[in-house]
Amino acid sequence: MIHSLFLINCSGDIFLEKHWKSVVSQSVCDYFFEAQEKAIDVENVPPVISTPHHYLISIYRDKIFFVSVIQTEVPPLFVIEFLHRVADTFQDYFGECSETAIKDNVVIVYELLEEMLDNGFPLATESNILKELIKPPTILRSVVNSITGSSNVGDTLPTGQLSNIPWRRAGVKYTNNEAYFDVIEEIDAIIDKSGSTVFAEIQGVIDSCIKLSGMPDLSLSFMNPRLLDDVSFHPFTKVLTWDVGKITPQKLPNLKGIVNLQSGAPKPEENPSLNIQFKIQQLAISGLKVNRLDMYGEKYKPFKGVKYITKAGKFQVRT
């Protein structure tokens, strides 16, 4: 499926490449660079680019383009999901998914890519399984490896490799049992110069941080679940996503403010478009509220907490 993977920074430099089935020349990225030059910004680069002999499927994460090379037709979302999984793994291992972190841990990066893909097909993509196969880097482990000549690769097969819940280790125990939920909603909107709403939509996720011993089942209920539309649950990353839909013109939120130009900055064009970023704590703009969280399968009582955040997604104001 995936023949090669190229990591490209914002300057257009290919700072890492990995090949599985066959070596693909870096010249194939010229098609990607052409599409990048035509795009208005980095987020508008087409995720799928067709070339005479390959397909280039890419994502943009943390100022890095992850560009995969495909020689046969495959579901693009399948490849995009895998690329996001690679970026999430780097974030989990190194604390950040940046060019510097990847270069500083290039050996572990290649070891992870070898385990995550087998002959071009996804194999082990769960964080807890990968951490049993390849231990995360630490200063102490680096010193021991340099003295003994050992590596970060584990000697035994991970316990969760053959489990029907591979994203969770077996026999997990915590001193403090707690469950925290962040209800995060993003507003995508376009406002014209008269103040009228051209387009407005709300999308949200519930991100969870669960530290519960054993294997409990959780049931999260809402006071107004009818607000949710197009709901999906991702079992691996523990993220619940939904699409609330378009905002009705009769109930538009109001946002007022003043924009000041930095001293010495050049004068903008006559009617510039402004991309607005904002964040409102303890508010879900859709009105969604968590009612209760019930736990089954374990006898202890966990500590529970919920936080609401509303922030701007692609929020543009045309003047």
Side-chain angles (χ1 to χ4, degrees), residues 41-43 60-63 84 87-88 91-92 95-98 127 174 176-192 195-212 218-262 273-295 301-319:
D41 54 46
V42 293
E43 294 185 353
Y60 181 72
R61 288 279 299 270
D62 301 302
K63 299 181 180 180
H84 279 292
D88 292 339
Q91 175 78 30
D92 191 22
E96 60 177 351
C97 181
S98 64
S127 178
Y174 293 98
N176 297 320
N177 294 287
E178 50 196 15
Y180 299 102
F181 296 89
D182 290 347
V183 181
I184 305 172
E185 293 188 337
E186 288 190 356
I187 303 177
D188 297 334
I190 298 177
I191 311 297
D192 63 16
S196 301
T197 303
V198 179
F199 169 82
E201 192 174 39
I202 300 174
Q203 296 181 354
V205 300
I206 296 181
D207 196 359
S208 60
C209 178
I210 308 295
K211 296 181 179 180
L212 300 177
L218 300 179
S219 176
L220 185 67
S221 59
F222 301 93
M223 297 181 62
N224 40 5
R226 293 184 179 181
L227 291 173
L228 301 179
D229 185 22
D230 191 17
V231 178
S232 61
F233 179 70
H234 199 308
F236 306 119
T237 56
K238 301 296 187 301
V239 174
L240 176 69
T241 63
W242 69 89
D243 184 359
V244 176
K246 295 183 178 180
I247 302 175
T248 57
Q250 293 77 17
K251 297 181 180 180
L252 292 178
N254 294 322
L255 183 65
K256 297 182 180 180
I258 300 174
V259 178
N260 295 319
L261 287 178
Q262 186 178 0
S273 296
L274 305 178
N275 293 320
I276 308 298
Q277 294 291 332
F278 60 84
K279 182 182 292 186
I280 307 174
Q281 300 287 348
Q282 297 302 328
L283 171 68
I285 195 68
S286 66
L288 183 69
K289 291 184 178 180
V290 174
N291 183 24
R292 58 184 296 173
L293 174 68
D294 297 317
M295 186 183 72
K301 292 184 178 180
F303 180 81
K304 298 170 284 187
V306 179
K307 181 173 66 175
Y308 300 91
I309 300 175
T310 295
K311 62 180 182 180
K314 294 183 179 180
F315 199 101
Q316 185 181 90
V317 178
R318 298 171 179 173
T319 61

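The shown structure was predicted, so the numbers you read here are calculated from the model rather than taken from an experiment.
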Original post:
Given Lys307 and Gln282, is the side-chain contact (heavy atoms from CB on, under 4.5 Å) satisfied, shown in steps?
Top reply: CA-CA 6 Å; Lys307 181 173 66 175; Gln282 297 302 328; 3.4 Å; yes
Original post:
Can you list the residues that meet the ring-ring contact (aromatic ring centres under 6.0 Å, His included) rule with Tyr308, with sequence neighbours excluded?
Top reply: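 Counting only residues at least two positions away or on another chain, Tyr308 forms no ring-ring contact (aromatic ring centres under 6.0 Å, His included).
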Any idea which heavy atoms bring [X] and [Y] closest together, and the distance?
X: Arg318; Y: Ser273; answer: CG-OG, 3.9 Å
X: Tyr174; Y: Ile210; answer: OH-O, 4.4 Å
X: Gln277; Y: Gly313; answer: NE2-O, 3.7 Å
X: Gly287; Y: Asn224; answer: O-ND2, 2.6 Å
X: Ala200; Y: Thr197; answer: CB-CG2, 3.6 Å
X: Leu288; Y: Leu227; answer: N-CD1, 3.7 Å

With a 4.5 Å cut-off on side-chain heavy atoms, are [Y] and [X] touching?
X: Ile202; Y: Ile285; answer: yes
X: Glu201; Y: Glu186; answer: no
X: Phe315; Y: Ile191; answer: yes
X: His84; Y: Arg61; answer: yes
X: Val290; Y: Val183; answer: yes

**OP:** To the nearest 0.5 Å, tell me how far Phe181 CZ sits from Ile206 CD1.
**Re:**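 So the gap between those two atoms works out to 8.0 Å.
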Subject >> From CZ (Phe199) to CD (Gln316), nearest 0.5 Å >> reply: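 Between atom CZ of Phe199 and atom CD of Gln316 there are 12.0 Å.
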Original post:
If you measure only the distance, is there a donor-acceptor pair under 3.5 Å linking the side chains of Thr310 and Glu185?
Top reply: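 Side-chain D/A pair, Thr310 to Glu185: absent.
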Subject >> Exercise: do Asp62 and Ser98 side chains pair donor with acceptor under 3.5 Å >> reply: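 Side-chain D/A pair, Asp62 to Ser98: absent.
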Original post:
Could you go step by step and tell me if Ile309 and Ile280 meet the side-chain contact (heavy atoms from CB on, under 4.5 Å) rule?
Top reply: CA-CA 6 Å; Ile309 300 175; Ile280 307 174; over 6 Å; no
Original post:
Can Lys311 and Ile184 be said to form a side-chain contact (heavy atoms from CB on, under 4.5 Å), step by step?
Top reply: CA-CA 8 Å; Lys311 62 180 182 180; Ile184 305 172; 3.8 Å; yes
**OP:** Output, in order, the C-alpha distance, side-chain angles, deciding distance and verdict of side-chain contact (heavy atoms from CB on, under 4.5 Å) for Met295 and Leu212.
**Re:** CA-CA 10 Å; Met295 186 183 72; Leu212 300 177; 4.1 Å; yes
